[in-house]
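Convention: sequence-line order gives letters A, B, ...; per-chain numbering from 1.
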Amino acid sequence: MIRTRFAPSPTGQLHIGGARTALFNWLFAKHHKGSFVLRIEDTDRERSRDEYTRGILDGLAWLGIAHDEGPFFQSTRTELYTEHALRLLREGHAYKCYCSVEELEEKKKRALKEGQKPSYDRTCRDKTGEQPDKPYVIRFKTPLSGTVAFHDLVRGEISFQCDELDDLIILRTDRTPTYNFTVVVDDALMGITHIIRGDDHINNTPRQIVMYEALKFTVPRFGHVPLIHGKDRARLSKRHGATSLLEYSDDGFLPEALMNYLARLGWAHGDDEIFSKEELIEKFDLPNVGKSPAIFDMDKLLWLNDHYIKSLPVELIAERLTPFIAALGHTADPVKLIQIIRNLQGRAKTLKEMAQMARFFFGEEIEYESAAKAKFLTPAARPILERFLNDFRELPSLDEASQRLLVETITKDYGKKLVDVIQPIRVALSGKVASPGIFEVIDILGKDVVERRIERAIASIA
RNA sequence: GUCCCUAUCGUCUAGUUCGGCCUAGGACACCGGCCUUUCAAGCCGGCGACUCGGGUUCAAAUCCCGAUGGGGACGCCA
């Protein structure tokens, strides 16, 4: 059975790149009827924070990615790593290194200056004898020669010369394990069959493979997916806008849209653009993943979000929109809310924007946009509004046909165009020059509110 | 500096495995038109790319080599 994992470190928010890696792992596992494991790599105790772990968990849940096993925390598994590190030491695959941080820093600087690669010079590799009073780290004995090659599931053959690799620290002075070691131990012990991760890990792969071999573990398959870049073609970071997954939630994006977008970043299935979660599981596979980095394109995400706002069931949109309405200080009548959404679908690209647009449907007082008032709430418009108000009071029904007849009659009587009558009304009711269809607005607002707002608009002209 | 990865419209990509069906397809964005009570949406149309140079071949976006561009990695971070 295929087993994949997502192994973030809780040293920051779950960002778009991480989320996509998680998504690919999850889709790959689901596609092959396998299992998806979540593991939190919190071996850096300085920088790991519980709030980030929570953020990662919440983010994945929001996106709709559910892990089958875990979350496992590396901080609870330290004995395991120590045990295997000691085993390597015993079997001659690792050694104690007494070099101090300062010495190493010095050596590196010198090497770089002389145009050499800044890797560890293996001073302690062949030293014999203990130095009981000195602190030490345990380093892995990387083979000195030969090549390490592997078949990458998205890139094909990749090989490295062993002399490019240096002897990595696997246990720190304080006996805590380091990343390249824990990842090997855990992936092996957890039975991970396919490691799908960002291509920034390609360089780590040969180092890890030699450890798998020394530990006599089965080497898993690797697939390195390209990183996501910002507009400047550099790795995505804070300055590229919303980078935490949950920020997209707060900004009014739908998880359906984000999942669809993320999946299409670096992966394609012919010319298809729209994929439900089920379709993604059915169609996703590693051979279709591209090799070059993709640039995050907000416009396309917005387009997809817009698409899902229009196509998901209104009830679902209502449920998702409610918190945004609440954030603006309003509560919506469920029936009315559905009506409002139907009129705003196709106009708003995000839930946040939709709530903003829906604002005038709520509350008693509305504010006029100054440009709108200046242009349409004019002395010239006053008689039209008065006439409308007068006739509207007598209107027996708010259905579109009755309303249309009324507005058209006024238009004809004044020798105007439809737009000349409707715009002042629109501003009177919404405060803005742009709104959903005016008859729909009137219907949603209801007779009383319409009358009061027209009265107020007339009074405002004065 | 060294190593590794990568290269089709502005962006995401199809096509590359098995060279001809590619005068390179789709989508986003952009521009124009239609529709129209505003704004959107929708519909129709337009702009727009095989990084470059050598090969191989009757034929190359597709295969080979090189250059260049871009990215990543070189931590007692993950």
Side-chain angles (χ1 to χ4, degrees), chain A residues 7-12 41-44 46-48 74 97 99-101 104-105 108 111-120 135-139 152 155 158-161 163-166 168-174 176-180 182-183 198-206 224 226-227 229 231 233-235 261 264-274 287-288 290-304 306 310 344-349 357 372 376 404 407-408 411 417-423 425-427 430 432-439:
Chain A
S9 66
T11 52
E41 309 218 323
D42 54 352
T43 50
D44 184 342
E46 291 283 301
R47 298 194 301 151
S48 294
Q74 289 191 323
C97 169
C99 297
S100 69
V101 179
L104 294 172
E105 196 58 42
K108 189 192 293 176
L112 232 29
K113 214 166 162 186
E114 291 166 10
Q116 309 280 316
K117 30 186 193 202
S119 43
Y120 177 57
Y136 63 88
V137 298
I138 295 181
R139 284 186 186 269
D152 191 278
R155 285 153 210 276
I158 296 179
S159 70
F160 291 82
Q161 296 299 318
D163 56 21
E164 290 297 334
L165 279 25
D166 66 348
L168 289 178
I169 290 170
I170 58 178
L171 238 50
R172 301 182 182 104
T173 310
D174 66 0
T176 56
T178 59
Y179 166 73
N180 275 294
T182 58
V183 78
D199 71 10
D200 50 336
H201 284 287
I202 289 181
N203 294 277
N204 287 326
T205 308
H224 290 96
L227 261 20
H229 288 182
K231 285 225 186 296
R233 298 193 171 274
R235 205 178 160 154
Y261 179 70
R264 277 288 285 101
L265 222 47
W267 172 82
H269 185 268
D271 285 338
D272 299 345
E273 294 287 350
I274 306 295
N288 305 318
K291 298 189 241 252
S292 50
I295 293 170
F296 187 83
D297 180 13
M298 185 56 91
D299 283 328
K300 189 139 187 186
L301 208 212
L302 282 167
W303 172 74
L304 273 167
D306 181 59
K310 281 185 287 209
L344 259 20
Q345 283 173 318
R347 286 189 168 82
K349 288 191 188 300
M357 284 179 173
F376 295 108
R404 188 174 287 279
V407 173
E408 280 173 351
T411 302
K417 285 189 203 151
L418 212 47
V419 65
D420 299 321
V421 174
I422 286 176
Q423 280 306 78
I425 298 173
R426 190 187 310 282
V427 175
S430 72
K432 301 182 288 190
V433 288
S435 82
I438 199 65
F439 304 135

remark   = 5' to 3', nucleotides 31-43 of chain B under a 4.0 Å protein heavy-atom cut-off (B base, S sugar-phosphate only, - none) gives ------BBBBSS-
task = With heavy atoms under 4.0 Å as the rule, sort A:Arg155 into base, sugar-phosphate or nothing.
result = sugar-phosphate
Non-neighbouring partners of A:Asp297 that pass side-chain contact (heavy atoms from CB on, under 4.5 Å), sequence neighbours left out = A:Lys231, A:Tyr261, A:Asp299, A:Lys300
request  = Once you apply the 3.5 Å cut-off to both distances, tell me the Watson-Crick or G-U wobble partner of B:C31, or none.
outcome  = B:G45
query = B:U68 and B:C28: how far apart are their P atoms, nearest whole angstrom?
reply = 38 Å
request  = Please give the nucleotide sitting opposite B:C50 as a Watson-Crick or G-U wobble pair, both distances under 3.5 Å, or none.
outcome  = none
key: Distance-only donor-acceptor test, A:Lys300 side-chain atoms vs B:A27 base atoms, 3.5 Å   = yes
remark   = Reading nucleotides 66-78 of chain B from 5' to 3' and marking B where a protein heavy atom lies under 4.0 Å of the base, S where only the sugar-phosphate is that close, and - otherwise, the string is -----SBSBSBBB
ask   = Stepwise, does the side chain to side chain contact (heavy atoms under 4.5 Å, CB included) test hold for A:Val407 with A:Ile422?
value = CA-CA 8 Å; A:Val407 173; A:Ile422 286 176; 4.0 Å; yes
request  = Both distances under 3.5 Å, Watson-Crick or G-U wobble: report the partner of B:U56, or none.
outcome  = none
message = Work out how far the P atom of B:A40 is from that of B:U51, and round it to whole angstrom.
response = 37 Å
request  = Using the C1' atoms only, state how far B:A61 lies from B:G20, rounded to an integer number of Å.
outcome  = 13 Å
ask   = Who passes ring pair (Phe, Tyr, Trp, His ring centres under 6.0 Å) against A:Phe160, sequence neighbours left out?
value = none
task = Write down the distance separating the C1' atoms in B:C44 and B:U38, rounded off to the nearest Å.
result = 23 Å
inquiry  = Taking B:G70 as the reference, what is the distance to B:G54 when you measure between their C1' atoms (whole Å, please)?
reply    = 23 Å
Partners meeting salt bridge (charged side-chain N to carboxylate O under 4.0 Å, His left out) with A:Asp200 (sequence neighbours left out) = A:Arg235
message = Using the salt bridge (charged side-chain N to carboxylate O under 4.0 Å, His left out) criterion, which residues pair with A:Asp166? Sequence neighbours excluded.
response = A:Arg207
task = Measure from the side-chain heavy atoms of A:Lys291 and tell me the nearest of B:C12, B:C28, B:A7.
result = B:A7
task = Measure the distance from CG on A:Asp297 to C1' on B:C28 and round it to the nearest whole Å.
result = 6 Å
message = A:Asp152: which residues meet the salt bridge (charged side-chain N to carboxylate O under 4.0 Å, His left out) condition with it, sequence neighbours left out?
response = none
task = Locate the shortest heavy-atom distance separating A:Gln423 from A:Val433; write the atom from each residue and the value.
result = NE2-O, 3.2 Å
note = As its Watson-Crick or G-U partner within any shown strand, both distances under 3.5 Å, B:G69 has B:U6
Under 3.5 Å on both distances, the Watson-Crick or G-U partner of B:U38 = none
Sub-4.5 Å side-chain heavy-atom contact between A:Pro206 and A:Gln161 = no
request  = Using Watson-Crick or G-U wobble geometry with both distances below 3.5 Å, tell me the partner of B:A24, or none.
outcome  = none
query = Which whole number of Å gives the distance between the C1' atom of B:U6 and that of B:U16?
reply = 15 Å
message = For nucleotides 14-19 of chain B, give me one character per nucleotide, 5' to 3': B if any protein heavy atom sits under 4.0 Å from the base, S if the only such contacts are to the sugar-phosphate, - if neither.
response = S-----
inquiry  = When both hydrogen-bonding distances must be under 3.5 Å and the geometry is Watson-Crick or G-U wobble, what is B:C76 paired with, if anything?
reply    = none
query = Can you list the residues that meet the salt bridge (charged side-chain N to carboxylate O under 4.0 Å, His left out) rule with A:Arg47, with sequence neighbours excluded?
reply = A:Asp44
Residues which pass side-chain contact (heavy atoms from CB on, under 4.5 Å) with A:Ala268, listed by chain and number, not counting sequence neighbours = A:Arg264
inquiry  = If the condition is side-chain hydrogen bond (donor to acceptor under 3.5 Å, both in side chains), which residues does A:Arg347 pass it with, not counting sequence neighbours?
reply    = none
ask   = In chain order, what residues pass the ring pair (Phe, Tyr, Trp, His ring centres under 6.0 Å) check against A:Tyr136, with sequence neighbours excluded?
value = A:Tyr98
